[in-house]
Amino acid sequence: MAPTKVLTGARVVLPTGTVDDGRVIVDGTRIAAGGPPGNAETIDLSGHWLLPGFVDLHNHGGGGASFTSGTVDDVLRGIRTHRLHGTTTLVASTVTGDMDFLSRRAGLLSELAEQGEIAGIHFEGPFISPCRKGAHSERLLRDPDPAEVRKLLDAARGHAKMVTLATELPGGIDSVRLLAEHGVIAAVGHTDATYEQTVQAIEAGATVATHLFNAMPPLGHRAPGPITALLEDERVTVELINDGTHLHPAALRLAFHHAGAGRVAFITDAMDAAGFGDGRYMLGPLEVEVADGVARLVEGGSIAGSTLTLDRALQRAVTVDGLPVEDAVAALSANPARLLGMDDRIGSLEPGKDADLVVLDADFALKGVMRRGEWVVDPQPA
(Lines give C-alpha, C1' and ligand atoms only; values in the text may rest on other atoms or scores of the structure.)
Protein backbone atom coordinates (compact mmCIF):
# COMPACT_ATOMS: atom_id res chain seq x y z
CA MET A 1 0.00 0.00 0.00
CA ALA A 2 1.07 3.56 -0.67
CA PRO A 3 2.44 5.33 2.39
CA THR A 4 0.26 7.78 4.25
CA LYS A 5 0.65 11.28 2.84
CA VAL A 6 0.89 14.37 5.04
CA LEU A 7 0.19 17.58 3.16
CA THR A 8 1.63 20.47 5.13
CA GLY A 9 2.17 24.22 4.95
CA ALA A 10 -0.79 25.21 2.74
CA ARG A 11 -3.68 27.53 3.43
CA VAL A 12 -6.37 24.90 3.91
CA VAL A 13 -10.02 25.80 3.27
CA LEU A 14 -12.16 23.89 5.78
CA PRO A 15 -15.93 24.09 6.46
CA THR A 16 -15.12 26.28 9.47
CA GLY A 17 -12.86 28.68 7.57
CA THR A 18 -9.32 28.94 6.23
CA VAL A 19 -6.40 27.64 8.29
CA ASP A 20 -2.93 29.00 7.56
CA ASP A 21 -0.05 26.53 7.64
CA GLY A 22 -2.57 23.70 7.78
CA ARG A 23 -2.14 19.95 7.57
CA VAL A 24 -4.21 17.26 5.84
CA ILE A 25 -3.43 13.57 6.29
CA VAL A 26 -4.32 11.16 3.48
CA ASP A 27 -4.49 7.47 4.36
CA GLY A 28 -5.27 5.32 1.33
CA THR A 29 -8.32 6.78 -0.41
CA ARG A 30 -9.56 8.87 2.52
CA ILE A 31 -8.70 11.82 4.70
CA ALA A 32 -7.51 10.61 8.08
CA ALA A 33 -7.80 11.99 11.58
CA GLY A 34 -5.07 11.98 14.20
CA GLY A 35 -1.33 11.82 13.80
CA PRO A 36 0.42 10.13 10.85
CA PRO A 37 2.54 6.99 11.22
CA GLY A 38 6.31 7.24 11.30
CA ASN A 39 6.73 6.15 7.66
CA ALA A 40 4.39 8.85 6.28
CA GLU A 41 5.39 10.80 3.18
CA THR A 42 5.45 14.55 3.87
CA ILE A 43 4.57 16.91 1.01
CA ASP A 44 5.36 20.58 1.62
CA LEU A 45 2.73 22.85 0.03
CA SER A 46 3.89 26.12 1.56
CA GLY A 47 2.67 29.12 -0.41
CA HIS A 48 -0.27 27.18 -1.86
CA TRP A 49 -3.99 26.78 -1.26
CA LEU A 50 -5.47 23.37 -0.46
CA LEU A 51 -9.16 22.95 -1.31
CA PRO A 52 -11.69 20.11 -1.60
CA GLY A 53 -12.10 18.61 -5.07
CA PHE A 54 -14.60 20.34 -7.33
CA VAL A 55 -18.07 18.92 -8.03
CA ASP A 56 -19.69 19.74 -11.40
CA LEU A 57 -23.47 19.22 -11.60
CA HIS A 58 -23.83 20.17 -15.26
CA ASN A 59 -21.24 19.15 -17.86
CA HIS A 60 -21.69 17.98 -21.47
CA GLY A 61 -18.10 17.03 -22.29
CA GLY A 62 -14.52 18.14 -22.83
CA GLY A 63 -11.22 17.20 -24.38
CA GLY A 64 -12.92 16.98 -27.77
CA ALA A 65 -15.40 14.40 -26.47
CA SER A 66 -19.17 14.60 -25.97
CA PHE A 67 -21.11 12.89 -23.20
CA THR A 68 -24.19 12.98 -25.45
CA SER A 69 -22.78 11.19 -28.49
CA GLY A 70 -19.31 9.84 -27.79
CA THR A 71 -18.17 6.27 -27.24
CA VAL A 72 -17.25 5.02 -23.78
CA ASP A 73 -13.61 5.92 -24.48
CA ASP A 74 -14.69 9.39 -25.60
CA VAL A 75 -16.67 9.91 -22.42
CA LEU A 76 -13.71 8.78 -20.32
CA ARG A 77 -11.48 11.24 -22.16
CA GLY A 78 -13.90 14.05 -21.37
CA ILE A 79 -14.04 13.03 -17.71
CA ARG A 80 -10.25 12.96 -17.48
CA THR A 81 -9.99 16.38 -19.11
CA HIS A 82 -12.06 17.89 -16.32
CA ARG A 83 -10.21 15.92 -13.63
CA LEU A 84 -7.01 17.55 -14.83
CA HIS A 85 -8.69 20.87 -13.96
CA GLY A 86 -9.79 19.86 -10.47
CA THR A 87 -13.23 18.32 -11.04
CA THR A 88 -13.03 15.12 -9.02
CA THR A 89 -16.80 14.48 -9.15
CA LEU A 90 -18.85 15.04 -12.30
CA VAL A 91 -22.46 14.56 -13.39
CA ALA A 92 -22.64 13.85 -17.13
CA SER A 93 -25.25 15.94 -18.95
CA THR A 94 -27.04 15.08 -22.18
CA VAL A 95 -28.72 17.44 -24.64
CA THR A 96 -32.06 17.11 -26.41
CA GLY A 97 -32.49 14.02 -28.58
CA ASP A 98 -35.27 11.60 -29.39
CA MET A 99 -36.43 9.40 -26.53
CA ASP A 100 -34.93 6.15 -27.82
CA PHE A 101 -31.54 7.80 -28.34
CA LEU A 102 -31.56 9.34 -24.87
CA SER A 103 -32.54 6.01 -23.35
CA ARG A 104 -29.56 4.35 -25.03
CA ARG A 105 -27.23 7.10 -23.81
CA ALA A 106 -28.61 6.66 -20.32
CA GLY A 107 -27.69 2.98 -20.51
CA LEU A 108 -24.10 3.74 -21.53
CA LEU A 109 -23.64 6.48 -18.94
CA SER A 110 -25.19 4.40 -16.18
CA GLU A 111 -22.46 1.79 -16.69
CA LEU A 112 -19.85 4.50 -16.08
CA ALA A 113 -21.76 5.59 -12.98
CA GLU A 114 -21.68 2.01 -11.70
CA GLN A 115 -17.90 2.01 -12.23
CA GLY A 116 -17.55 5.22 -10.22
CA GLU A 117 -16.37 7.33 -13.16
CA ILE A 118 -19.32 9.74 -12.97
CA ALA A 119 -21.69 10.64 -10.16
CA GLY A 120 -24.79 10.25 -12.30
CA ILE A 121 -26.71 11.61 -15.28
CA HIS A 122 -28.38 14.97 -15.93
CA PHE A 123 -30.99 15.14 -18.69
CA GLU A 124 -31.11 18.68 -20.11
CA GLY A 125 -33.94 18.41 -22.60
CA PRO A 126 -36.05 17.40 -24.40
CA PHE A 127 -38.68 18.71 -21.95
CA ILE A 128 -37.89 22.40 -22.47
CA SER A 129 -39.52 25.45 -23.99
CA PRO A 130 -39.09 26.21 -27.71
CA CYS A 131 -39.14 29.89 -26.69
CA ARG A 132 -35.95 29.40 -24.63
CA LYS A 133 -34.37 26.43 -26.38
CA GLY A 134 -30.81 27.82 -26.61
CA ALA A 135 -28.57 25.22 -28.25
CA HIS A 136 -31.23 22.49 -28.42
CA SER A 137 -32.91 21.19 -31.57
CA GLU A 138 -36.46 22.59 -31.68
CA ARG A 139 -37.81 19.71 -33.75
CA LEU A 140 -36.89 17.25 -30.97
CA LEU A 141 -38.47 19.17 -28.10
CA ARG A 142 -41.53 17.74 -26.36
CA ASP A 143 -43.77 18.45 -23.42
CA PRO A 144 -42.75 16.83 -20.12
CA ASP A 145 -45.10 13.86 -20.11
CA PRO A 146 -44.51 12.06 -16.78
CA ALA A 147 -44.58 8.69 -18.56
CA GLU A 148 -41.70 9.76 -20.79
CA VAL A 149 -39.79 11.26 -17.88
CA ARG A 150 -40.19 7.92 -16.12
CA LYS A 151 -38.84 6.15 -19.22
CA LEU A 152 -35.56 8.09 -18.90
CA LEU A 153 -35.33 7.37 -15.19
CA ASP A 154 -35.79 3.66 -15.84
CA ALA A 155 -33.14 3.72 -18.58
CA ALA A 156 -30.69 5.35 -16.16
CA ARG A 157 -31.06 2.41 -13.72
CA GLY A 158 -31.07 4.56 -10.62
CA HIS A 159 -28.32 6.90 -11.80
CA ALA A 160 -30.47 9.83 -12.97
CA LYS A 161 -29.51 12.75 -10.74
CA MET A 162 -31.25 15.69 -12.37
CA VAL A 163 -33.74 16.57 -15.12
CA THR A 164 -34.12 20.11 -16.47
CA LEU A 165 -37.71 21.02 -17.29
CA ALA A 166 -39.75 23.95 -18.54
CA THR A 167 -42.25 23.34 -15.79
CA GLU A 168 -44.90 25.63 -17.30
CA LEU A 169 -45.43 23.19 -20.18
CA PRO A 170 -48.27 20.62 -20.07
CA GLY A 171 -47.24 17.85 -17.67
CA GLY A 172 -44.51 19.95 -16.11
CA ILE A 173 -45.79 20.09 -12.56
CA ASP A 174 -46.75 16.41 -12.53
CA SER A 175 -43.25 15.60 -13.82
CA VAL A 176 -41.68 17.64 -11.02
CA ARG A 177 -43.69 15.65 -8.50
CA LEU A 178 -42.63 12.38 -10.15
CA LEU A 179 -38.96 13.35 -9.98
CA ALA A 180 -39.22 14.41 -6.35
CA GLU A 181 -40.89 11.11 -5.46
CA HIS A 182 -37.97 9.22 -7.04
CA GLY A 183 -35.28 11.33 -5.38
CA VAL A 184 -34.21 12.97 -8.64
CA ILE A 185 -33.53 16.71 -8.78
CA ALA A 186 -36.13 18.67 -10.75
CA ALA A 187 -34.40 21.71 -12.23
CA VAL A 188 -36.22 24.72 -13.68
CA GLY A 189 -34.52 25.79 -16.89
CA HIS A 190 -34.87 26.63 -20.57
CA THR A 191 -38.18 28.02 -19.42
CA ASP A 192 -40.57 30.80 -20.34
CA ALA A 193 -42.42 30.54 -17.02
CA THR A 194 -43.89 33.45 -15.12
CA TYR A 195 -43.05 34.20 -11.51
CA GLU A 196 -46.27 32.52 -10.38
CA GLN A 197 -45.67 29.41 -12.49
CA THR A 198 -42.16 29.09 -11.09
CA VAL A 199 -43.41 29.37 -7.52
CA GLN A 200 -45.85 26.54 -8.32
CA ALA A 201 -42.97 24.39 -9.61
CA ILE A 202 -40.93 25.01 -6.45
CA GLU A 203 -43.90 24.11 -4.28
CA ALA A 204 -44.21 20.87 -6.29
CA GLY A 205 -40.58 19.98 -5.52
CA ALA A 206 -38.21 21.76 -7.95
CA THR A 207 -34.94 22.55 -6.16
CA VAL A 208 -32.47 23.78 -8.80
CA ALA A 209 -32.26 26.66 -11.26
CA THR A 210 -30.49 25.48 -14.40
CA HIS A 211 -27.83 28.13 -15.27
CA LEU A 212 -29.73 30.99 -13.66
CA PHE A 213 -30.32 34.05 -15.90
CA ASN A 214 -29.57 32.08 -19.08
CA ALA A 215 -32.40 30.59 -21.20
CA MET A 216 -35.17 32.22 -19.17
CA PRO A 217 -37.03 35.57 -19.21
CA PRO A 218 -35.06 38.48 -17.76
CA LEU A 219 -36.00 39.97 -14.44
CA GLY A 220 -38.62 42.71 -14.83
CA HIS A 221 -40.10 45.10 -12.30
CA ARG A 222 -43.69 44.27 -13.31
CA ALA A 223 -43.05 40.72 -14.51
CA PRO A 224 -40.38 39.39 -12.11
CA GLY A 225 -40.33 36.03 -13.89
CA PRO A 226 -38.54 32.87 -12.83
CA ILE A 227 -35.29 34.56 -11.75
CA THR A 228 -36.93 36.28 -8.79
CA ALA A 229 -38.83 33.19 -7.70
CA LEU A 230 -35.70 31.03 -7.88
CA LEU A 231 -33.50 33.50 -6.02
CA GLU A 232 -35.90 34.19 -3.19
CA ASP A 233 -36.78 30.61 -2.19
CA GLU A 234 -34.40 29.02 0.31
CA ARG A 235 -35.13 25.54 -1.07
CA VAL A 236 -33.55 26.33 -4.44
CA THR A 237 -29.89 26.04 -5.43
CA VAL A 238 -28.95 28.27 -8.37
CA GLU A 239 -26.41 27.18 -10.97
CA LEU A 240 -24.07 29.87 -12.32
CA ILE A 241 -21.68 29.68 -15.30
CA ASN A 242 -18.80 31.93 -14.27
CA ASP A 243 -16.89 32.21 -17.54
CA GLY A 244 -17.25 35.95 -18.19
CA THR A 245 -19.51 35.27 -21.20
CA HIS A 246 -22.71 33.88 -19.72
CA LEU A 247 -22.89 36.36 -16.83
CA HIS A 248 -21.87 39.92 -16.08
CA PRO A 249 -20.01 40.09 -12.74
CA ALA A 250 -22.83 42.24 -11.35
CA ALA A 251 -25.36 39.49 -12.12
CA LEU A 252 -23.17 36.97 -10.33
CA ARG A 253 -22.88 39.22 -7.29
CA LEU A 254 -26.66 39.75 -7.36
CA ALA A 255 -27.19 35.98 -7.19
CA PHE A 256 -24.77 35.57 -4.29
CA HIS A 257 -26.33 38.49 -2.43
CA HIS A 258 -29.90 37.25 -2.72
CA ALA A 259 -29.39 33.48 -2.60
CA GLY A 260 -26.48 33.52 -0.17
CA ALA A 261 -23.24 31.60 -0.54
CA GLY A 262 -24.88 28.36 0.61
CA ARG A 263 -27.30 28.22 -2.32
CA VAL A 264 -24.99 28.76 -5.30
CA ALA A 265 -23.38 26.02 -7.38
CA PHE A 266 -20.80 26.92 -10.00
CA ILE A 267 -21.12 24.70 -13.07
CA THR A 268 -19.27 24.54 -16.37
CA ASP A 269 -22.08 23.61 -18.80
CA ALA A 270 -19.01 22.55 -20.77
CA MET A 271 -19.16 21.11 -24.27
CA ASP A 272 -16.56 19.16 -26.24
CA ALA A 273 -14.20 22.11 -26.72
CA ALA A 274 -13.46 22.53 -23.00
CA GLY A 275 -9.77 21.86 -22.51
CA PHE A 276 -9.39 21.26 -26.26
CA GLY A 277 -9.52 24.44 -28.35
CA ASP A 278 -11.34 26.48 -30.96
CA GLY A 279 -12.95 24.89 -34.00
CA ARG A 280 -16.20 23.30 -35.17
CA TYR A 281 -18.04 20.77 -33.04
CA MET A 282 -21.40 19.03 -32.84
CA LEU A 283 -23.67 19.53 -29.82
CA GLY A 284 -26.28 16.84 -30.33
CA PRO A 285 -27.52 17.41 -33.89
CA LEU A 286 -26.45 21.09 -33.97
CA GLU A 287 -23.17 22.49 -35.31
CA VAL A 288 -21.19 24.77 -33.01
CA GLU A 289 -18.37 27.21 -33.80
CA VAL A 290 -15.91 27.89 -30.98
CA ALA A 291 -13.89 31.07 -31.42
CA ASP A 292 -11.70 32.65 -28.73
CA GLY A 293 -13.10 30.10 -26.29
CA VAL A 294 -16.75 31.09 -26.82
CA ALA A 295 -19.12 28.45 -28.23
CA ARG A 296 -22.02 29.57 -30.45
CA LEU A 297 -24.40 27.79 -32.80
CA VAL A 298 -23.35 28.12 -36.43
CA GLU A 299 -27.01 28.73 -37.31
CA GLY A 300 -28.48 31.55 -35.26
CA GLY A 301 -25.49 32.38 -33.07
CA SER A 302 -26.95 31.31 -29.70
CA ILE A 303 -24.43 30.55 -26.97
CA ALA A 304 -23.93 26.77 -27.02
CA GLY A 305 -22.63 25.74 -23.63
CA SER A 306 -19.15 26.80 -22.58
CA THR A 307 -15.49 25.85 -22.74
CA LEU A 308 -15.13 26.48 -19.02
CA THR A 309 -13.29 24.34 -16.47
CA LEU A 310 -13.98 24.75 -12.77
CA ASP A 311 -10.46 25.85 -11.86
CA ARG A 312 -10.97 28.87 -14.12
CA ALA A 313 -14.39 29.50 -12.58
CA LEU A 314 -12.79 29.62 -9.14
CA GLN A 315 -9.90 31.82 -10.20
CA ARG A 316 -12.29 34.29 -11.82
CA ALA A 317 -14.64 34.28 -8.82
CA VAL A 318 -11.83 35.35 -6.50
CA THR A 319 -9.65 37.57 -8.70
CA VAL A 320 -12.29 39.23 -10.91
CA ASP A 321 -15.59 38.99 -9.04
CA GLY A 322 -14.05 39.64 -5.63
CA LEU A 323 -15.76 36.75 -3.83
CA PRO A 324 -14.30 35.45 -0.57
CA VAL A 325 -12.34 32.28 -1.23
CA GLU A 326 -14.54 30.34 1.18
CA ASP A 327 -17.73 31.32 -0.68
CA ALA A 328 -16.27 30.36 -4.05
CA VAL A 329 -15.07 27.02 -2.68
CA ALA A 330 -18.52 26.27 -1.23
CA ALA A 331 -20.07 26.93 -4.66
CA LEU A 332 -17.62 24.49 -6.25
CA SER A 333 -17.62 21.73 -3.67
CA ALA A 334 -19.83 21.63 -0.56
CA ASN A 335 -23.03 23.00 -2.12
CA PRO A 336 -23.19 20.68 -5.15
CA ALA A 337 -22.08 17.73 -3.00
CA ARG A 338 -24.95 18.37 -0.60
CA LEU A 339 -27.41 18.73 -3.46
CA LEU A 340 -26.34 15.35 -4.84
CA GLY A 341 -26.71 13.75 -1.42
CA MET A 342 -22.99 12.91 -1.42
CA ASP A 343 -21.76 15.30 1.25
CA ASP A 344 -21.00 12.40 3.59
CA ARG A 345 -18.17 11.47 1.19
CA ILE A 346 -17.12 14.54 -0.77
CA GLY A 347 -17.31 18.33 -0.78
CA SER A 348 -15.05 19.22 2.14
CA LEU A 349 -11.71 18.32 3.69
CA GLU A 350 -12.84 16.35 6.73
CA PRO A 351 -11.69 13.06 8.28
CA GLY A 352 -13.40 10.03 6.79
CA LYS A 353 -14.23 11.68 3.46
CA ASP A 354 -12.71 10.77 0.12
CA ALA A 355 -9.25 12.25 -0.39
CA ASP A 356 -10.38 14.49 -3.25
CA LEU A 357 -8.47 17.76 -3.21
CA VAL A 358 -7.05 20.56 -5.30
CA VAL A 359 -3.80 22.49 -4.89
CA LEU A 360 -3.60 26.08 -6.17
CA ASP A 361 -0.73 28.56 -6.13
CA ALA A 362 -0.95 32.01 -4.56
CA ASP A 363 -2.56 33.36 -7.76
CA PHE A 364 -5.21 30.61 -7.74
CA ALA A 365 -3.71 28.76 -10.69
CA LEU A 366 -4.08 24.98 -10.49
CA LYS A 367 -0.97 23.05 -9.43
CA GLY A 368 -2.24 19.71 -8.16
CA VAL A 369 -5.27 17.41 -8.16
CA MET A 370 -5.83 14.32 -6.01
CA ARG A 371 -8.75 11.95 -6.48
CA ARG A 372 -9.37 9.21 -3.93
CA GLY A 373 -5.83 9.46 -2.62
CA GLU A 374 -4.06 9.31 -6.00
CA TRP A 375 -2.48 12.29 -7.72
CA VAL A 376 -4.14 13.12 -11.04
CA VAL A 377 -1.88 16.17 -11.27
CA ASP A 378 1.21 15.94 -9.01
CA PRO A 379 2.03 19.32 -7.43
CA GLN A 380 5.65 18.22 -7.06
CA PRO A 381 6.54 16.38 -10.26
CA ALA A 382 9.87 14.58 -10.32
Side-chain angles (χ1 to χ4, degrees), residues 58-71 74-75 77-78 81 92-106 109 122-144 148 152 163-166 168-169 187-193 209-218 225-227 239-248 251 267-309:
H58 185 155
N59 187 317
H60 298 279
S66 167
F67 298 153
T68 296
S69 58
T71 65
D74 291 334
V75 174
R77 184 168 77 251
T81 296
S93 302
T94 62
V95 297
T96 293
D98 68 48
M99 293 298 295
D100 288 340
F101 173 79
L102 289 174
S103 294
R104 291 194 299 273
R105 290 308 295 178
L109 294 171
H122 164 219
F123 296 101
E124 187 181 26
F127 311 117
I128 61 176
S129 171
C131 301
R132 305 285 174 177
K133 64 183 184 297
H136 292 256
S137 173
E138 185 167 356
R139 67 180 178 82
L140 295 173
L141 301 183
R142 55 208 302 128
D143 291 339
E148 294 198 324
L152 292 184
V163 178
T164 294
L165 306 161
E168 75 278 9
L169 295 176
V188 178
H190 288 275
T191 178
D192 205 40
T210 292
H211 43 54
L212 188 74
F213 299 108
N214 296 110
M216 60 183 62
I227 293 171
E239 295 180 348
L240 299 177
I241 308 171
N242 193 26
D243 61 353
T245 298
H246 283 79
L247 293 176
H248 190 283
I267 61 164
T268 60
D269 194 19
M271 46 80 71
D272 312 22
F276 200 68
D278 290 353
R280 290 221 168 178
Y281 299 84
M282 297 301 295
L283 187 61
L286 304 179
E287 192 172 14
V288 175
E289 177 78 30
V290 179
D292 297 325
V294 178
R296 294 186 179 276
L297 290 182
V298 171
E299 184 176 341
S302 292
I303 295 176
S306 84
T307 62
L308 186 63
T309 52

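Taking the side chain as every heavy atom from C-beta outward, L152 and F127 approach each other to under 4.5 Å. Between E124 and D269, some side-chain heavy-atom pair lies under the 4.5 Å cut-off. Taking 4.5 Å as the limit, some side-chain heavy atom of S306 sits within range of a side-chain heavy atom of H246. Inter-residue side-chain proximity for L240 and F213 is flagged as met; some heavy-atom pair is nearer than 4.5 Å. Counting heavy atoms from C-beta outward, T210 and L165 have side chains that stay 4.5 Å or more apart. When side chains are defined from C-beta on, V75 counts as touching R105, because their heavy atoms get closer than 4.5 Å. Two residues are said to be in side-chain contact when any heavy atoms from C-beta on lie closer than 4.5 Å; E168 and S129 meet this criterion. You'll find the side chain of T94 reaches within 4.5 Å of the side chain of L109, heavy atoms only.
Taken to the nearest 0.5 Å, the CG atom of N214 stands 5.5 Å off from the CG atom of L247. Taken to the nearest 0.5 Å, the CG atom of D98 stands 8.5 Å off from the CZ atom of R139.
By the side chain to side chain contact (heavy atoms under 4.5 Å, CB included) test, T245 is found to be paired with D243, V294, I303, residues two or more places apart in sequence or in another chain being considered.
Closest of all the heavy-atom pairs between A304 and M271 is O-CG, 3.5 Å.
Between the side chain of R296 and the backbone N or O of G301, at least one donor-acceptor pair lies under 3.5 Å.
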From CA spacing to verdict: side-chain contact (heavy atoms from CB on, under 4.5 Å), V288, L297 = CA-CA 4 Å; V288 175; L297 290 182; 4.0 Å; yes
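When only modelled atom types and interatomic distance are considered, T68 and H60 share no side-chain donor-acceptor pair under 3.5 Å. For the 3.5 Å distance criterion, the side chains of T71 and D74 qualify, holding a donor opposite an acceptor.
In this pair, H136 and H190 present their aromatic rings perpendicular. The plane angle is above 60°, beyond the 30 to 60° band.
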